[in-house]
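Take a look at the structure set out below.
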Amino acid sequence: MNANMSNTRWTIGSVLLGAVLVFGFYGIVINATESELFERDALYIEECGACHLAYPPGLLPVQSWRGIMLGLEDHFDESAEMDGETTEHIANYLERVALQKGKPSPMSQMLRNMPEVPPLRITEFPSFVKAHDEIPKQLQVETLAEGFLSPCADCHREAADGMFDKKLLHPGYGPKIWGND
Ligand code: HEC
Ligand code: HEC
């Protein structure tokens, strides 16, 4: 896998974050060296990227983000509780940049067939399930364990930048290749 590249990116990320902390400013960080597909927030990346990829906020609609932010004390069986000020800052950010009808983005396909009460997990959205339905077959398993597809960046090399195009999978990933060895 592309470990070097993601290390470099983490280093760049840490330097940026460091700079933000040094200036005592938890504002909006637009990472100018990457494609500017969405507004970034240093506090979100730090707090919500501590255990997993800081999911690009445009992957989920506001209802799902609210559900997540209101349930941090039992967040998928772990505690992700934060102080009130941090929680409020992140909740406001997510409300602002969430997936929205009529706001085109590379993640708009998540809206397809979305139920009225959307799930909390990205990996349970109908369009997500459909996009990944070949994967169990190619891995020759009946079903994937819950959470198997949650680390997007394992396969999508531009996941942190919100780009999930098939063409941007890590080399060697993808049902066509898995089926051919
Ligand atoms: C203490 C660790 C921890 C922190 C901090 C944390 N998470 Fe999580 N998160 C998890 C775990 C564990 C899962 C479930 C992963 C799995 O099933 O493999 C998860 C899953 C998720 C998912 C669902 C991914 C999917 O499967 O579609 C979302 C969305 C999410 N977290 C958002 C957040 C947000 C937003 C924050 C910050 C407010 C946050 N997380 C902070 C541990 C954490
Ligand atoms: C185990 C590898 C793997 C993981 C993990 C994974 N994906 Fe994928 N994803 C794929 C593959 C392979 C395809 C292309 C499927 C095909 O060719 O039909 C795909 C397709 C997609 C597509 C459709 C792309 C297109 O060009 O139409 C989206 C959107 C997507 N993934 C988002 C995500 C998100 C968001 C996550 C994390 C929550 C994720 N994926 C996790 C392997 C993965």
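In listed order, ligands and their atoms are each counted from 1.
Looking at Tyr55, Phe125, Tyr93 and measuring to atom 24 (C) of ligand 1, the nearest heavy atom belongs to Tyr55. Looking at Ser150, Gly67, Cys48, Ala54, it is Cys48 that brings a heavy atom closest to atom 37 (C) of ligand 1. Looking at Leu94, Ile68, Ile45 and measuring to atom 29 (C) of ligand 1, the nearest heavy atom belongs to Ile68.
Distances from atom 8 (Fe) of ligand 2 show that Cys152 has no N/O/S atom below 2.8 Å. Not a single N, O or S atom of Cys155, from either the backbone or the side chain, sits less than 2.8 Å from atom 8 (Fe) of ligand 2. At least one N, O or S atom of His75 sits under 2.8 Å from atom 8 (Fe) of ligand 1.
The pair Asp165-Arg157 does not count as a salt bridge, with every side-chain nitrogen at least 4.0 angstrom from each carboxylate oxygen.
Short contacts between ligand 1 and Ser79, defined as distances under 4.0 Å to a heavy atom of the residue, involve ligand atoms 1 (C). Near Pro151, meaning under 4.0 Å from any of its heavy atoms, are these atoms of ligand 2: 5 (C). Residue Met82 has at least one heavy-atom neighbour below 4.0 Å for each of these atoms of ligand 1: 37 (C), 38 (C). Distances below 4.0 Å separate heavy atoms of Glu78 from the following atoms of ligand 1: 1 (C), 2 (C), 12 (C). For ligand 1 and Leu60, the ligand atoms under 4.0 Å from any heavy atom of the residue are 29 (C). Applying the 4.0 Å criterion to heavy atoms of Cys51 picks out, from ligand 1, the atoms 1 (C), 2 (C), 3 (C), 4 (C), 5 (C), 42 (C), 43 (C). Within ligand 1, the atoms closer than 4.0 Å to a non-hydrogen atom of Gly147 are 16 (C), 17 (O), 18 (O), numbered from 1 in the order shown. Annotation for ligand 1: atoms under 4.0 Å from non-hydrogen atoms of Trp65 are 35 (C). Close contacts of ligand 1 with Glu47, meaning ligand atoms under 4.0 Å from a residue heavy atom, involve 5 (C). For ligand 2, the atoms closer than 4.0 angstrom to any heavy atom of Leu59 are 35 (C).
By the 3.5 Å distance cut-off applied to N or O atoms, Asp165 is not counted among the residues near ligand 2. For ligand 1, the polar-atom distance check finds no N/O of Tyr44 at less than 3.5 Å from any of the ligand's N/O atoms. Polar contact check, Glu146 against ligand 1: no nitrogen or oxygen pair lies under 3.5 Å apart.
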Could you walk me through whether Tyr93 and His89 satisfy the ring pair (Phe, Tyr, Trp, His ring centres under 6.0 Å) test, starting with their C-alpha distance in whole Å, then the side-chain angles of each, then the deciding distance to 0.1 Å, before giving a yes or no? CA-CA 6 Å; Tyr93 163 69; His89 176 97; 7.3 Å; no
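Here Ser64 has no heavy atoms under 4.0 Å from ligand 1, in either its backbone or its side chain. Counting heavy atoms closer than 4.0 Å to ligand 2, residue His132 contributes side-chain atoms (C-beta onward) but none from N, CA, C or O. With a 4.0 Å cut-off on non-hydrogen atoms, His156 touches ligand 2 through its side chain and not its backbone. If you look at Ala159 next to ligand 2, there are no close heavy atoms at all, none under 4.0 Å. Here Glu124 has no heavy atoms under 4.0 Å from ligand 1, in either its backbone or its side chain. When heavy-atom distances to ligand 2 are checked against a 4.0 Å cut-off, Leu53 has no atom that comes that close, whether in backbone or side chain.
Without hydrogens or angle criteria, Tyr44 side chain to Pro57 main chain gives no donor-acceptor distance under 3.5 Å.
Nearest non-hydrogen protein atom to atom 17 (O) of ligand 1 is Arg121 NH2, 2.8 Å. The shortest contact between atom 21 (C) of ligand 1 and any protein heavy atom is with Phe76 CE1, 3.4 Å.
Atom CH2 in Trp65 sits 13.5 Å away from atom CG in Leu70 (nearest 0.5 Å).
Not close to ligand 1: Gly49, with no non-hydrogen atom less than 4.0 angstrom away. Using a 4.0 Å cutoff on heavy atoms, Glu134 does not count as a contact of ligand 2.
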